[in-house]
Amino acid sequence: CSNEECMIKENKLNNLIEDDEIKKLRDFLVETLDSTGEDGLPSLEKIKYNATFNMGEGAAEIGTLVFQEKNKLETMEDEYRVARKKKYESIMNERMAFNPTSEGVRIMVDGDPALSSQKKDLENQRLYVELLVSMQETIRYYPRNAQHLINVATFGKDIGKIL
């Protein structure tokens, strides 16, 4: 893509991503995994360099972040369970004009605005951890995929044709 086209794509992508940490992570991965040469085509030298040098750093960064965010997710899950329990007990101890069923109490607990917000934050954290794990997989398989590209290029040179 031309510089102008790339900047338009970058601006669109930045508008879609609101979280600064995710932007930083994206930029880190783009820099770490970039395999294009100055001409915009895949560069085998860059691929070899990335597989040799950048992957270890990338794997360590993402691995640490995955560990940290999984711990945060577990803490959030614990806090959510405790908050649900407290809300359930509060509802069960209230005097009401009717006897709610267990399903009715569950609906009242789930309808609590604070719990609903907490559940949304918990789900967002879960999605973030899934994103990090998928990035970790991308880094893990990069050297193998790079090796396939190198093998194809080597084969093409050996028979006199680049496929």
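In what follows, every heavy atom counts, from backbone to side chain, and hydrogens, waters and symmetry copies are set aside.
Panel note: side chain K87, backbone V109; no donor-acceptor pair is recorded below 3.5 Å. Side-chain atoms of S134 come within 3.5 Å of backbone atoms of L131 as a donor-acceptor pair (strictly under, hydrogens ignored).
M76 contributes atom CE, which lies 5.5 Å from atom CG of L122 (distance to the nearest 0.5 angstrom).
For E38, the salt bridge (charged side-chain N to carboxylate O under 4.0 Å, His left out) test picks out no residue, with sequence neighbours left out. Checked against side-chain contact (heavy atoms from CB on, under 4.5 Å), M92 has the following partners two or more places apart in sequence or in another chain: Y88, V105. Residues that satisfy the salt bridge (charged side-chain N to carboxylate O under 4.0 Å, His left out) test with E74, not counting sequence neighbours, are absent from this structure. Contacts of K119 classified as salt bridge (charged side-chain N to carboxylate O under 4.0 Å, His left out), with partners at least two apart in sequence or in another chain: none.
By the 4.5 Å heavy-atom criterion applied to side chains, N124 and K120 are counted as neighbours.
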Enumerate, atom names and distances included, each donor-acceptor pair closer than 3.5 Å involving a side-chain atom of residues 62-73, sequence neighbours excluded.
from : atom 1 : to   : atom 2 : distance (Å)
T64  : OG1    : A60  : O      : 2.8
E69  : OE1    : Q125 : NE2    : 2.7

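Sorted by first and then second residue, the side-chain hydrogen bond (donor to acceptor under 3.5 Å, both in side chains) pairs with a member in residues 75-84 read E77-R126, D78-R81, R84-D110; sequence neighbours excluded.
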